[in-house]
**Q** 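To start, I am sharing the structure in question, which I have written as structure tokens.
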Amino acid sequence: MNEILVRIREVFDESGKSQTQIGKMIEKTPQYVWKLLNVDDANPSKDVIKAICRNFNISYLWLTQGIEPKEATENTDAMTRIDDIMAGENEFAKSLFKEFSKLDDNEWKLLEEIIKKLANDKGD
């Protein structure tokens, strides 16, 4: 059995929720949840893994690789979202993140000033 299944089973067990409740949370049938809990060669998709992380507040890195912390934080949620965007089909969002990655410290400070000014102007 792979380690992801061990961690998924731990999350489900600790939740105290029924297979039906878990299935609704991750948009799968109770039978699929049963498979994750009982079939040692079950292979959850990336979408299922992300749904588990999102609905049980679990870090994607912990669930997939065992890297602590177990609970999701703002940073782990943001990194997961950025990974989703970069793997997705939204070319504008991907190019935006690529351009952001090229900014140096001075450019980040300038961008921060621009955003603060826009936020202040919006409030007027």
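Hydrogens, waters and symmetry mates play no part in the numbers below; they use all other heavy atoms, side chains included. This chain uses plain numbering: 1 for the first residue, then up along the sequence.
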**Q** Indicate yes or no: does Lys117 engage Asp121 in a salt bridge with an N to O separation below 4.0 Å.
**A** yes
**Q** Asp40 and Arg9: which non-hydrogen atoms are nearest, and at how many Å?
**A** OD1-NH1, 3.0 Å
**Q** So Ile4 and Ile49, do their side chains get closer than 4.5 Å, heavy atoms only?
**A**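 A side-chain contact exists here, since the closest heavy-atom pair is under 4.5 Å.
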**Q** For the atom pair CD1 (Ile115) and CG (Leu110), what is the distance rounded to the nearest 0.5 Å?
**A**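 Atom-to-atom, Ile115:CD1 and Leu110:CG are 10.0 Å apart.
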**Q** Using side chain to side chain contact (heavy atoms under 4.5 Å, CB included), reason through Met25 and Arg54 one step at a time and then give a plain yes or no.
**A** CA-CA 9 Å; Met25 292 174 73; Arg54 186 174 49 255; over 6 Å; no
**Q** At their closest point, which heavy atom of Ser59 faces which heavy atom of Pro69, and how far apart are they?
**A** CB-O, 3.3 Å
**Q** Is there a chain of hydrophobic side chains (I, L, V, M, F, W, Y, each step under 4.5 Å between heavy atoms) that links Trp108 to Leu96?
**A** yes
**Q** Testing the basics here: between Leu5 and Ala42, what is the closest heavy-atom pair and its distance to 0.1 Å?
**A** CD1-O, 3.4 Å
**Q** Are Asp104 and Lys109 close enough for a salt bridge, meaning some N to O gap below 4.0 Å?
**A**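 Lys109 and Asp104: not salt-bridged.
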**Q** Give a yes or no on whether Glu68 atom CD has more than 12 heavy-atom contacts from other residues, nucleotides or ligands under 6.0 Å away.
**A**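 Check passes, neighbour count above 12.
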**Q** Can you tell me how far apart CG (Asn55) and CD1 (Ile26) are? Round to the nearest 0.5 Å.
**A** 8.0 Å
**Q** Starting at CG of Asn106, measure out to CG of Leu111 and round the result to the nearest 0.5 Å.
**A**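 Atom-to-atom, Asn106:CG and Leu111:CG are 12.5 Å apart.
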**Q** Evaluate the side-chain proximity of Pro44 to Tyr32: yes if any heavy-atom separation is below 4.5 Å, no if none is.
**A**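 Sidechains of Pro44 and Tyr32: in contact.
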**Q** Is Gln65 reaching over with its side chain to a backbone N or O of Ile67, donor-acceptor style, under 3.5 angstrom?
**A**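 Absent.
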**Q** Is there side-chain contact between Leu63 and Phe56, with at least one heavy-atom pair below 4.5 Å?
**A** no
**Q** Roughly how far apart are Glu112 CD and Lys116 NZ, rounded to 0.5 Å?
**A**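 These two atoms lie 4.0 Å from each other.
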**Q** Could you tell me whether Glu107 and Lys102 make a salt bridge, using a distance below 4.0 angstrom between a side-chain N and a carboxylate O?
**A**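 Judged by the 4.0 Å cut-off on N to carboxylate O distance, Glu107 and Lys102 do not form a salt bridge.
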**Q** Check this for me: Glu27, atom CD, are more than 12 non-hydrogen atoms of other residues, nucleotides or ligands nearer than 6.0 Å?
**A**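 12 or below, so no.
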**Q** Look up atom OG1 in Thr73 and atom CG in Leu61, then write down how far apart they are to the nearest 0.5 Å.
**A** 9.5 Å
**Q** Testing the basics here: between Gln19 and Val33, what is the closest heavy-atom pair and its distance to 0.1 Å?
**A**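 For Gln19 and Val33, the tightest heavy-atom pair comes out as O-CG2, 3.7 Å.
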**Q** Decide yes or no for Arg7 and Trp62: does some side-chain heavy atom of the first lie under 4.5 Å from some side-chain heavy atom of the second?
**A** yes
**Q** Looking at OG of Ser101 and CE of Met86, how far apart are the two atoms once the value is rounded to the nearest 0.5 Å?
**A**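 Spacing of OG (Ser101) from CE (Met86) equals 7.5 Å.
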**Q** Evaluate the side chain to side chain contact (heavy atoms under 4.5 Å, CB included) criterion for residues Trp34 and Thr29: first the C-alpha distance (whole Å), next the side-chain angles of each, then the deciding distance (0.1 Å), finally the verdict.
**A** CA-CA 9 Å; Trp34 180 92; Thr29 64; over 6 Å; no
**Q** Tell me whether Lys24 at atom NZ has more than 12 heavy atoms from other residues, nucleotides or ligands lying less than 6.0 Å away.
**A**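 No.
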**Q** Just do the salt bridge (Lys or Arg N to Asp or Glu O under 4.0 Å) check on Glu99 and Lys94 with the steps written out, would you?
**A** CA-CA 9 Å; Glu99 292 306 312; Lys94 288 194 280 191; over 6 Å; no
**Q** Answer yes or no: is there a donor N or O on one side and an acceptor on the other, between the side chain of Asn57 and the main chain of Glu71, under 3.5 Å?
**A**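 It does not hold such a pair.
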